[in-house]
Amino acid sequence: MEPLFQFFNNLFPFISDWPEWLAHTVVGVVTVLLLFGFVALFALFAIWLERKISAHMQDRLGPMEVGGWHGWAQPIADAIKLLVKEDIIPAMADRTLFKLAPVIVFTAALAGFAVLPWSQDFIPADLNVGLLYILSVSSFAVIGLLMGGWASNNKWSLYGAMRAASQMISYEIPVALALLAVIMNAGTMSMRHLVIAQSGNILDWNVFNFFPLTAVAFFIYFVASLAEVNRTPFDLPEGESELVGGFHTEYSSMRFAFFFLGEYANMYIVSAIATTVFLGGWLAPFEALNFIPGPIWFVGKAMTLVFIQMWLRWTLPRLRVDQLMYTCWKVLTPFSFAIILLIGLWKVL
Amino acid sequence: MKKSNIPESQFELQVPESLKTEEMTISMGPQHPSTHGVLQVILKTDGEIINSAKPQIGYLHRCFEKHAENITWHQVIPFTDRLDYIASMNNNLGYVIGIERMMNLEVNERAEHLRVVVSELNRIASHLIALGTYGLDIGAFTPFLYVFRDREKILDLFEEISGARLLYNYIWVGGVAYDAPEGWREKVLEFCDYFEPKIKEYNDILTYNKIFIERTANVGVIPAEVGISYGVSGPSLRGSGVNFDLRKDDPYSIYDRFDFNVVVGKGEMGTVGDTWDRYWVRVDEMVESVKIIRQALENLPEGDAKETVPRNIKVPAGEYYMRTETPRGELGFYIISDGSKMPNRVKVRSPAFCNLSVLQAIAPGVMIADLVAIIGSLDIVLGEVDR
Amino acid sequence: MRQYFKNIYEAIATILVGMGVTWRHLFTRAVTVQYPHVKRELPERSRMQLFVEMDDCIGCMACQRACPVDCIDIKTVRAGKEEDLGETSNGQKKRLHVVQFNIDMGKCCYCSDCVFPCPTGAIRMTPEYEFTTYDRSSLLFKFATYTPEQISELQERERKEKEAQAAARAAKLKAAEEAKKAAAKNDETKSE
Amino acid sequence: MTAQEIYNSIQEKFPDTIVEFNDSVLQPYIKLTPDQFNEVCQFLRDTDTLGFDALMNLSGVDYGEELGTVYHLYSMQHRHKIVLKVNVPREHAEIPTVADLWRTADWHEREVFDLYGINFINHPDMRRILLPDDWEGYPLRKDYVQPEEYNGITIAHPDMKGNSDEEK
């Protein structure tokens with residue numbers, strides 16, 4: 001919490017006059033609210049963006065009415081609609097688990113934001129094992145999905161949950177291995193220091209390190225992270241043409257919205273990790289562009305990756321379960337092992 | 001001399017006895033995103049693998065055959081529109097030619113050419129939907145909207161010539177309901193020029209996509225003899241490598257005058273008769289349809305297409321089984337007349353009905369996701385299955 | 001092993017080709033028509049709402065017979081002998097009061113079978129398509145212009161005429177019968 | 001092969017089963033008795049010169065006094081067709097199945113059973129196919145009367161009445 005405290009201290013010097021407990025509480029609460037606000041805003045924006053991108057990729061216009069300019073208020077209207085809709089819980093569902101599941105999914109997504117380095121100074125918690133933390137916290141989501149699918153007492157939901165569990169657990173491995181390739185070189189797992197190690201210009205970013213080895217690692221990470229957040233072509237847990245709606249078949253109103261929020265927050269988190277680890281975090285690609293503040297670079301890079309995720313989603317069909325496992329265990333995992341091995345060799349030589 | 005009859009399934013699931021677990025029975029449909037309507041399939045699954053799939057139909061039964069016995073010959077035509085509502089022109093054509101053959105009625109040349117043009121346009125429109133929804137079943141959303149964009153152009157042409165966009169009631173006994181309006185021929189040619197390059201686009205985004213191929217090749221193989229035994233017809237049978245197209249093999253209207261190829265599945269990406277082959281036959285058939293349209297429009301004679309339409313039809317007593325090639329396969333109308341102004345019996349042999357029946361034979365042993373791919377590749381329209 | 005790498009290469013290459021297609025479409029013009037703001041001109045043949053030109057209708061019921069779903073309901077009253085209802089636009093003489101011409105567009109199947117048998121071209125389908133309502137009963141379009149009083153008056157007259165006719169016929173019949181009887185009587189008397 | 005030749009070959013093998021042969025109509029047909037029907041069909045399918053490997057259509061017909069089924073056969077190799085007819089009395093409508101010969105007959109026979117009430121002997125799964133399992137009567141028979149209600153649901157929709165002024 002120290003860098004965050006400093007950051008607030010710089011902004012509002014009077015905080016240092018407060019007693020320590022008060023200052024810490026206030027800073028903590030404000031940060032959480034900021035992040036929560038960001039997640040909600042980002043989700044709304046991303047939903048709008050996704051609808052617009054998909055529409056234009058399909059020669060459509062997408063939402064055009066609500067709010068005037070290109071239907072910018074459509075996601076807000078949708079959110080309000082979801083809020084006021086009737087909350088339906090199936091009669092035979094396990095009510096406690098059913099209610100808990102979306103909360104867990106969303107919490108897991110939100111917790112990941114704690115270690116994202118937005119800029120040199122603004123990082124809610126600069127853990128020395130930040131990367132490890134984010135990986136472990138984000139895999140909490142699978143418990144939520146499993147609970148939701150099980151508790152719905154619907155066979156399609158159960159299928160979705162089972163698929164989600166096997167998929168997310170499998171894809172943890174290539175994700176972790178791909179990141180390991182970088183950590184080996186950087187020698188740190190602190191998100192902040194990972195970025196600081198990449199200072200310089202664009203060629204100092206990790207993705208161009210040991211060219212092309214880390215580039216391949218970046219690619220592996222990106223593909224595996226798509227599976228981590230259940231995006232096409234790996235959206236089997238939802239798979240609306242096969243499993244109706246997968247694990248969230250029975251969810252409606254705000255509980256469904258939480259799953260939705262969680263999905264979009266996760267999209268952002270995996271993109272942000274990729275940005276931090278491979279694409280130089282808040283750093284500008286060239287010295288000349290340093291006048292643009294760090295957070296803008298950070299969010300901009302992450303949003304580019306989010307855009308690519310959407311782009312892929314509206315281009316590709318869905319894989320089958322066995323092909324999904326094949327991709328993970330027979331393609332991504334061996335390749336990431338090979339990269340770790342090669343980088344190790346490179347470093348030794 | 002007794003040959004072995006074809007077993008229920010050719011694909012026995014081989015799981016060691018010790019690994020077998022309890023079966024799960026799932027009702028897929030009647031409300032399910034990829035059963036293409038109100039089809040219900042009762043699945044018995046072992047995990048993701050299907051042990052048996054039994055289609056349950058009848059949710060869209062509208063008593064076409066009973067209706068037809070209580071209305072006049074001509075009034076049946078709007079009802080045939082509603083059988084296979086995606087290819088109404090072809091349905092009209094089948095029924096009408098059946099009656100014309102019973103009445104021994106000549107149709108003038110211009111009407112014959114217009115019939116071929118609209119039928120082939122409708123075939124393209126129908127195959128476009130098959131393509132798009134198939135992409136949707138596999139999980140690709142975008143091609144669906146591309147094909148609807150192009151289908152819309154065909155519907156615009158239909159609206160101009162017949163006044164309706166979906167249920168045309170255009171082909172009438174003795175001719176067609178309206179002559180083509182001025183400039184329609186040029187518009188169709190324009191559409192052909194526009195459409196041909198679009199097929200490459202579909203191929204780029206869907207047909208040759210590796211994920212798509214992986215999902216569809218070697219899945220749901222229908223061997224030729226199984227297909228014939230189950231009465232599978234049309235693109236679904238041709239996908240199994242059987243060169244059988246009623247436009248060539250039992251020609252009706254003026255199809256024998258045109259030069260076009262019968263597309264058959266060759267197993268390009270996997271086995272002959274897999275879902276990819278059935279899909280590919282449809283893509284290639286659109287190219288052939290464009291060829292036919294061009295030829296028909298080239299030779300389109302001048303004159304009035306409407307002139308032979310009689311006011312009141314009385315069909316001489318007798319019976320006839322007329323079969324035509326619709327986008328889904330062999331559409332048969334078995335018409336019995338007792339010489340009065342109403343049909344005595346109109347039986348529809350609907351291609352989708354027979355194509356769907358093969359599902360129970362090829363489904364065992366595939367995964368749930370594959371079942372969706374198989375149903376999509378059979379290109380059923382429930383309006384026709386249930387009639 | 002070669003197949004393995006070939007598969008990976010193919011997967012990446014075809015995915016990139018597909019992404020190229022969607023990327024190009026991101027910048028092509030959308031084909032959407034913003035419906036309530038922009039309205040497409042429909043071709044004149046468009047079969048949307050049915051319309052009846054009552055001045056041309058001669059009440060022959062050909063359309064009612066042709067309708068496969070029975071959505072047209074016509075009632076007519078015969079015109080009086082000295083009454084002149086005028087002529088239709090193609091010169092046919094009108095002999096019937098069309099006191100009721102109801103079309104239930106909720107039932108209509110838009111096949112336009114009713115349009116063709118019409119001898120005067122009175123009934124036709126128009127490209128007008130915006131007639132949705134919140135109430136199904138307002139899809140029942142009534143084209144006849146007669147008021148209920150006029151109808152009952154006409155029907156009354158027809159009934160009376162019919163009665164008169166029936167009475168006349170009965171009288172005629174009776175007369176014939178009586179004549180027959182008389183003749184029979186005559187015969188009887190003759191034979192006696 | 002012409003219809004005459006097909007008739008001759010059946011005549012040779014199963015002389016007792018043929019009721020009628022009509023070559024003068026648009027599509028010549030052979031009328032058979034139900035007794036040996038399955039064997040005749042097996043013969044038609046499996047003889048190399050006949051080779052009727054496809055059942056195009058199977059249709060039930062109500063002739064008034066009798067019910068009947070009509071089979072339209074086609075040979076994919078020889079490209080010839082033939083129509084078979086089997087008539088059975090209304091009260092005792094039973095025909096041997098051909099579902100074991102042409103799998104497509106499976107559903108078609110169920111449909112005929114559903115709509116005409118003809119029972120197919122040895123059919124593997126003789127259930128209704130289009131109508132609900134508990135539907136009463138066979139709707140395509142000419143003497144079928146539409147029931148008032150089904151499981152408490154009125155069948156005649158109120159809108160199915162006329163639309164004249166008095167009724168609305």
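Reminder, nothing fancy here: chain letters follow the sequence lines and each chain counts from 1. Quick caveat: nothing in here was measured; it's all calculated off a predicted structure.
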For C/Cys111, which of B/Asp81, B/Asn169, B/Ile77 qualifies under side chain to side chain contact (heavy atoms under 4.5 Å, CB included)?
B/Asn169
Does C/Ile15 form a side chain to side chain contact (heavy atoms under 4.5 Å, CB included) with B/Lys210? I'd like the steps, not just the answer.
CA-CA 7 Å; C/Ile15 285 170; B/Lys210 186 73 181 167; 5.9 Å; no
Is [X] in contact with chain B via its backbone, its side chain, both, or neither, using a 4.5 Å heavy-atom distance?
X	value
C/Met48	side chain
C/Ile12	neither
C/Thr22	both
C/Pro68	both

Got a sec: does the [atom1] of [X] have more than 12 other heavy atoms crowding it under 6.0 Å?
X	atom1	answer
C/Tyr129	OH	yes
C/Glu153	CD	no
C/Glu41	CD	no
C/Arg40	CZ	yes
B/Glu186	CD	yes

At their closest point, which heavy atom of B/Ala180 faces which heavy atom of C/Arg45, and how far apart are they?
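Closest heavy-atom pair between B/Ala180 and C/Arg45: C-NH2, 4.3 Å.
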Between B/Tyr170, B/Phe79, B/Tyr146, which residue shows the highest count of heavy-atom pairs closer than 4.5 Å to chain C?
B/Tyr146
Looking at B/Asp204, B/Ile205, B/Leu206, which makes the most heavy-atom pairs under 4.5 Å with chain C?
B/Asp204
Could you grab the distance from atom [atom1] of [X] to atom [atom2] of [Y], nearest 0.5 Å is fine?
X	Y	atom1	atom2	answer
B/Glu214	C/Asn7	CD	CG	6.0 Å
B/Arg149	C/Thr28	CZ	OG1	7.5 Å
C/Ser112	B/Leu167	OG	CG	12.0 Å

Quick one: does any side-chain atom of [X] pair with a main-chain N or O of [Y] as donor and acceptor, under 3.5 Å?
X	Y	value
B/Glu159	C/Ser46	no
B/Gln75	C/Asp113	no
C/Arg47	B/Ser162	yes

If you define the side chain from C-beta out and look only at heavy atoms, does anything of B/Glu152 sit under 4.5 Å from C/Val31?
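No - every pair of side-chain heavy atoms lies 4.5 Å or more apart.
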Side chain from CB out, backbone as N, CA, C, O: work out which of these in B/Ile211 comes under 4.5 Å of a heavy atom of chain C, or both, or neither.
side chain
Which atoms of B/Thr142 are under 4.5 Å from chain C, going by heavy atoms: the side chain, the backbone, both sets, or neither?
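The side chain, not the backbone.
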Taking the ring of B/Tyr168 and the ring of C/Tyr110, is the distance between their centroids below 6.0 Å?
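No, the ring of C/Tyr110 stays outside the 6.0 Å limit from the ring of B/Tyr168, centre to centre.
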Could you tell me which of C/Cys109, C/Ala13, C/Pro127 has the largest number of non-hydrogen atom pairs under 4.5 Å with chain B?
C/Cys109
